[in-house]
A.B. asks: 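Pasting a structure here, questions to come.
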Amino acid sequence: MSGSTPAFVALAAAMAQALAILVGVVLLAAVMTVVERRLLGLWQDRHGPNRVGPAGSLQLVADMIKILFKEDWIPPFADRPLFVLAPVIAMASLLLSFMIIPLTPTWGVADWHIGLLFFFAMAGINVYAVLLGGWSSGNKYALLGAMRATAQTLSYEVFMGLSLMGVVALAGSFNLREIVAAQQGLWFIVPQFLGFCTFLVAGVAVTHRHPFDQPEAEQELADGYHIEYSGMKFGMFFIGEYIGMVLVSALIVTLFFGGWLGPWLPPFAWFALKTGALLVLFVLLRAALPRPRHDHVMSFGWRVCLPLTLINLLVTGAAILWLSPATD
Amino acid sequence: MWTSLIPATWSQLRTLGMVFRHAFRRRETVNYPDEAVYLPPRFRGRIVLTRDPDGEERCVACNLCAVACPVDCIALEKGEAEDGRWYPSSFRINFSRCIYCGLCEEACPTSAIQLTPDFEMSEYRRQDLVYEKEDLLIDGPGKDHDYHFYKVAGLAIAGKDKGEARDEKPPRDVRTLLP
Amino acid sequence: MELAFYASGLVAVLATLRVITSTNPIHALLYLIVSLLAVAMVFFALGAPFAGALEVIVYAGAIMVLFVFVVMMLNLKETVTAQERAWLGPRTWAGPSLLAAVLLVVLIAVLWRGDIGRVIAGDTLTAQAVGTVLFGPWLLVVELAAVLLLAALVTASHVGRSASRPPDDGSDGA
C-alpha cells in the first residue's frame, strides 16, 4: 500500500478514531470508579475520597498505582490458563461491544447492519468470564458466585434481547445509526416505555451492578467469583464492571434517548450528557436499593420482566401493523 | 406478584428520590485533620495525672486505679516523701492496652487520674505508647479545680497535724475518761 | 474474504480435534466454544453476519454456557482425566475414525467431482432478507419449529416442577 493514498488516510483516520474511543471508554470507566465513590458519599451524607490531590482529583492515580503494584497472585489450586483468561474475557468482550455504538453522526467504530446483535453476542461471551473465573479459582465461594452470575445473566439476557426487539421493529433495523436516525421526531422511550424499563433492569442485572450484585455479594459470598483474584487481574474484572455500566448507559441513550440528537448543543455533547445522566442513575441505584434475595431476582426476571417484554413486543408489533398502510 | 408490581415500583422510585435528596443535606462526617472534631468535655481520651491547687501531685499511690483497670494497663510504685506524703515514685500507663473505660478515674479517691478529650495519640512504634509519669503529669488541677486531698484527709503531714484538716475535729485522747 | 474463511475454518477443525483429544472436560468444552466461534466467523466470511451473530448468541452464548455450567457443578477430579486418557487409547478410537474416514473420502470425492459452482464472495445477507425468507416461503417450518420448542418448554416446566412443594407465588416479597 503506498503511503498517502486516500484509502490509506481513511484507514488511518478510522484506526485513530477507534483507538480514541477505546482509550476514552477505558478512561471513563476508570474515572467512574472514583466518581461513583464520591457520589455514594454525597448520597450517604459523607465526603467520599477527597484527600489525594485537589478535591480528591488524583485519587484515580493513587488507585492505579496501588493496583498495578499489588502482588499478582495465582493460587496453586487454580486452573492456571482459565484463571488468566477469565479477566481478559471480562474486559475484552465488553470493550468490543463499543464498536457498534455511534457517538456522533461521524464518530463510531463499526457501522454494521447487525449492530445490536453483536452486542448480544458479546454479552453472551461475557458470561464466560464470570463462569470460568469462578470455576478456575478452585474456591467454593467463587463457584457459588459464578453459579449465581450465570443463572442470573442467562435469565436476564433472554428478555434483554426481547425488550429491544420493539425498538428494532420500530426502527426497522439492527443498525444503531439507523435506530438513532429513526428517533428524529420522537425518542423511543415514549413508544417503548416498557421496553426501556425492562432493558434497564436487564442491563443492571447483566453487568452485576447493585441491586443485582448477588454474584459478588460481600456479605454472603465474600466477593463471589473474583474472590481469589488480586492485582491487575482483579482490576480487569473491576474495570470490566464499569465498562459494562458505561456500555449499557450508552446503549440506552442510543436506543431510547435519541443518541446524539438534541437542539443547540453539538451532537457529542448531547451524547455525553445523556450517558453521564444514566451513569449517575446507575450509581443512584446502588446508593438507594438494597440487594434482593437471589431466588427473588430469578423469579422477578422470569415471572415479571419476561411477560412484560412479551406483551410489549406483541403490542408493538400489532401497533406497527395497525398503523402501517396496507401493502397488498 | 403482579398486583403488587405498581406499588412496589413506586416504592423503589420513592426510595431513589429520597436518597437523591440526601445530596443536599449537611455532611455528617468532617474532614478530620483539616477540621477539628468536636469533643464533649467528658470525652474519655488520653489519661493525665493532675496536681492539686497548691501545685503538688494529687496521686497518693493507693493503687485503686491499677486494681480497677480491666485490662491491667496501669502500673505504679509507692514512694513516701519526707513530709509524710505518699506519691507514686513511678507511674506507667500502657496506652496500647488502655480501653479508655474511665474506671480508673472513678476509682481514684483524690481526683488525681483523669481522662481528657484528646484521642490523637497515634505512634509508629508500639513502645512509644507506654507513657511514663513525666508524660502523664500535667501542671493543672484538671476538671476538679478546688479539691485538695491533704486538706481534707486526716493523715498527718509536715505542716498539718492530725485534726487540723477541714471539717475535722481534733483527735480524741483515748486515755482519759472525761467527756 | 477467502482468507478469513479458510483461516476460521482451519481454527474450527483444529479446535474440534482438541475437543476430542483433550482430557480435561472443561478445557474440551472451551475448545468447543472456540470451534463454535470459528464457525460463526465462517458465517461472517461467507457474508451471512446474521447467522454468525445468532451462532454466537445461541450456541456460544447460551447453550455452551449451560454445558460449562453443568460440568462445573460435577466437581470433576483427577480420576476423570485418567478415565478420559484411557478412552483415548487406539482401541477406542480406531473403529469410529475408520468409519468417519470413509465418510470423509466420500465427501471429498463428491465435492471433487460435482460442480458446486459457489465461490466465496463478499455479498452480505441482511437480517431483513433472512426474515423475509423465513416468514415468507418457510413460514410453515418456522411455525412448526416454534410449536416444537413450545412443547419442549412445557415439558421442561412440567418435569422441573417439584411435586412436594407448591409453587412459590412470590408473595413473600417481589
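Computed from a predicted structure; not experimentally measured. Each chain gets a letter, A, B and so on, in the order the sequences are listed, and its residues count up from 1.
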A.B. asks: When rounded to the nearest 0.5 angstrom, what is the spacing between CZ in A/Arg46 and CD in B/Glu28?
C.D. replies: 12.0 Å
A.B. asks: Counting only heavy atoms not in B/Phe119, do more than 12 fall under 6.0 Å of its CZ?
C.D. replies: yes
A.B. asks: Is chain A contacted by the side chain of B/Arg21, its backbone, both, or neither, given a heavy-atom distance below 4.5 Å?
C.D. replies: neither
A.B. asks: For A/Trp43 versus B/Val19, what's the shortest heavy-atom pair and its separation?
C.D. replies: CD1-O, 3.2 Å
A.B. asks: Run the numbers on A/Leu42 and B/Arg27 for side chain to side chain contact (heavy atoms under 4.5 Å, CB included), then give the verdict.
C.D. replies: CA-CA 8 Å; A/Leu42 188 70; B/Arg27 307 293 93 186; 3.7 Å; yes
A.B. asks: If you count the non-hydrogen atoms of other residues, nucleotides and ligands that lie under 6.0 Å from CE in B/Met121, is the total more than 12?
C.D. replies: yes
A.B. asks: Just verifying a value: how many Å separate A/Asp45 CG and B/Arg26 CZ, rounded to the nearest 0.5 Å?
C.D. replies: 9.0 Å
A.B. asks: Surrounding CD of B/Gln127 (heavy atoms of other residues, nucleotides or ligands, distance under 6.0 Å), is the total greater than 12?
C.D. replies: no
A.B. asks: Taking all non-hydrogen atoms of both residues into account, name the closest pair between A/His47 and B/Thr29 and its distance.
C.D. replies: NE2-O, 3.1 Å
A.B. asks: Answer with side chain, backbone, both or neither: which region of A/Leu285 has an atom nearer than 4.5 Å to a non-hydrogen atom of chain B?
C.D. replies: both
A.B. asks: Does B/Glu120, at its CD atom, have more than 12 non-hydrogen atoms belonging to other residues, nucleotides or ligands within less than 6.0 Å?
C.D. replies: yes
A.B. asks: Count the heavy atoms belonging to other residues, nucleotides or ligands that lie under 6.0 Å from NZ of A/Lys70, then report whether that count exceeds 12.
C.D. replies: no
A.B. asks: Quick one: closest heavy-atom pair of B/Leu16 and A/Ala288, and the distance?
C.D. replies: CD2-CB, 3.5 Å
A.B. asks: If you count every heavy atom of other residues, nucleotides or ligands that lies below 6.0 Å from B/Phe20 atom CZ, does the total exceed 12?
C.D. replies: no
